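These numbers come from a predicted model, not from an experiment. Keep in mind that the numbers below use all heavy atoms, side chains included, and drop hydrogens, waters and symmetry copies. Counting starts at 1 for both ligands and their atoms, following the listed order.
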Amino acid sequence: MLKTDILIIGSGISGLFFAMKIAKKRPDLSIVIMTKETAKNTNTQLAQGGIAVVTDHLKDSFNKHIHDTLRSGGGLCDKEIVNMVITQAPERLQELIEIGTSFDKDEKGQWNLGLEGGHSQHRILHHKDSSGQEIESKLLKIIKKMPNIELLENHMVIDINTETKKAKTTCAGVFFYEKKYNRIKYMRTRTIVLSTGGCGQLFENTTNPKIATGDGLAMAARAGAEIADMEYMQFHPTALFTGKENPLFLISEAVRGFGAHIVNDEGKRFLFKYDIRGELSTRDMVSTAISKELQSSGKKHVYLDCRHLDPKAFSNQFPVITAHCNALGIYPEKDLIPVVPAAHYQCGGVRVDKNGVTTIKNLYAIGECARTGLHGKNRLASNSLLEGLVFAHQASENVDRTIAEFIFSSQILIPKFPKAHQVDDYLAFEILKKELQKLVTAFYTSEERDAELAFEKIKELHNYAVSLTEAHEIMIPFIEFSNMIAVSLLIIKQCKTATDQKIC
Ligand SMILES: Cc1cc2nc3c(=O)[nH]c(=O)nc-3n(C[C@H](O)[C@H](O)[C@H](O)COP(=O)(O)OP(=O)(O)OC[C@H]3O[C@@H](n4cnc5c(N)ncnc54)[C@H](O)[C@@H]3O)c2cc1C
């Protein structure tokens, strides 16, 4: 029967970094990483701007980075966590560098530090504009060499099984779907680490890839873990507008840090009307200002203006962005780039302590699916890759200290439906997904949020999805859609509570 000491769900920065650290520290433990598609299909892979770390102690300081983070978080950050993450950052960065991750340097051999919205100093280490891809590939390379790690791609975890003994609940295993054989199986485990990323796919316009459906959050909630701060979804102000795609291609914050302006339909800069930091204000401020401008102009998008920037330096710093724009016939040196705000980052998530432990003691949550207290209302740009590293480290230390307390459950569960039903027509679920995205977006962006109406409409969508399935079968698109429904309900519920308490 299948079993592993540690099961990691997700192959982004947090899951892989955790795996690397615990595998080195505890070669005696067996470790499995399951990921629902190919290993690189993550939010991490798409990260452009880079990772915020204080490296220049002459111009910058931990205190300045802490201050910027707290300011961006709108008074809702946990100061102890902010302090821990920012002061630990150089050590975690060093570990990435030791496995071969490369970050850009200038001609003097110093870090070529980027500037992003909300940061008072240049402090973003980056690899051109493909920082995430660089980190993901170096982590995957090392993971594949470690003898006590097994990486299982195309393995979608469906649910966590918990056991309660003497009023103490622990997680005992998971049901998962193995795409290749279209079968559902059960694996026992002593510890589970959720590193399943965010839920941007709940929104009509998002920068998040298709995998970002909030599965980990929904599973944790079903298992009884506490979820917090889901009312704070971060919108990135500058996703490329084409009117067609979801996900939308991101134009990194670093482009504004490099000197680009945001202009309206008349070619005028307008952000200073809303915040004296203009283009370099925090994401929530810039996104809100753009939304207001669009409401009053009735237009679909605003523009990024890069025409005054040195074209050679621009394409050298942002080769991926330049190539993507060029492929669409947009040349940043002479054309305006159409942009809109898009759902980008889930600030809330599964509530954890400073070691990534959820309210269920052998269930961990790290990376974007976790609510650690670092981000408050609004994550400071380039703090999330950092958070993933620091919490992966913290969790690995804690698993090492505590795993002896958790033994394998003697219960071996047999899936009720060992085969998933192969659906010929996934289209019905795609349509339902679009309806849900419309509904959640309309609710979230409305000034007069009507939670009761949203609950009702979501229930209708859910009932419709149920009618597409038979009682005696498991359908994979239904499972993912149900997770999206569960997370939508959590967002609406937590928005409603916050509005009732007048804190949102
Ligand atoms: C376009 C873009 C640009 C960004 N740029 C930056 C940046 O410059 N700097 C920064 O700090 N942050 C950036 N972010 C945010 C950052 O990339 C993410 O917050 C971070 O990478 C999340 O990492 P993670 O380890 O939590 O999960 P992810 O990288 O999102 O990985 C999630 C993993 O979980 C797996 N998974 C999900 N559900 C299941 C399931 N049911 N079963 C099995 N596996 C499952 C997925 O397949 C995937 O492997 C950016 C995000 C985007 C979308």
Q) Closest heavy-atom contact between Met20 and Ile143? A) N-CD1, 3.8 Å
Q. Applying a heavy-atom distance cut-off of 4.0 Å, which protein residues contact ligand 1?
A. Ile9, Gly10, Ser11, Gly12, Ile13, Ser14, Met34, Thr35, Lys36, Asn41, Thr42, Asn43, Thr44, Leu46, Ala47, Gln48, Gly49, Gly50, His155, Met156, Val157, Ser195, Thr196, Gly197, Thr207, Asn208, Ile211, Asp215, Met219, Leu250, His344, Tyr345, Gly367, Glu368, Arg379, Ser382, Asn383, Ser384, Leu385
Q. Once the angle between the rings of Phe314 and Phe318 is folded into 0 to 90°, is it parallel (under 30°), tilted (30 to 60°) or perpendicular (over 60°)?
A. tilted
Q. Restricting to pairs with a member in residues 182-207, which pass ring pair (Phe, Tyr, Trp, His ring centres under 6.0 Å), not counting sequence neighbours?
A.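 As it turns out, the ring pair (Phe, Tyr, Trp, His ring centres under 6.0 Å) pairs with a partner in residues 182-207, which skip direct neighbours, are Phe175-Tyr186, Phe203-Phe235, Phe203-Tyr444.
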**Q.** Check: His119 side chain, Gln121 main-chain N or O, donor-acceptor pair, under 3.5 Å
**A.** no
(Q) So, using salt bridge (charged side-chain N to carboxylate O under 4.0 Å, His left out) as the criterion, who are the partners of Asp78 when residues are at least two apart? (A) none
(Q) Checking His67 now: which residues fulfil ring-ring contact (aromatic ring centres under 6.0 Å, His included) with it, not counting sequence neighbours? (A) none
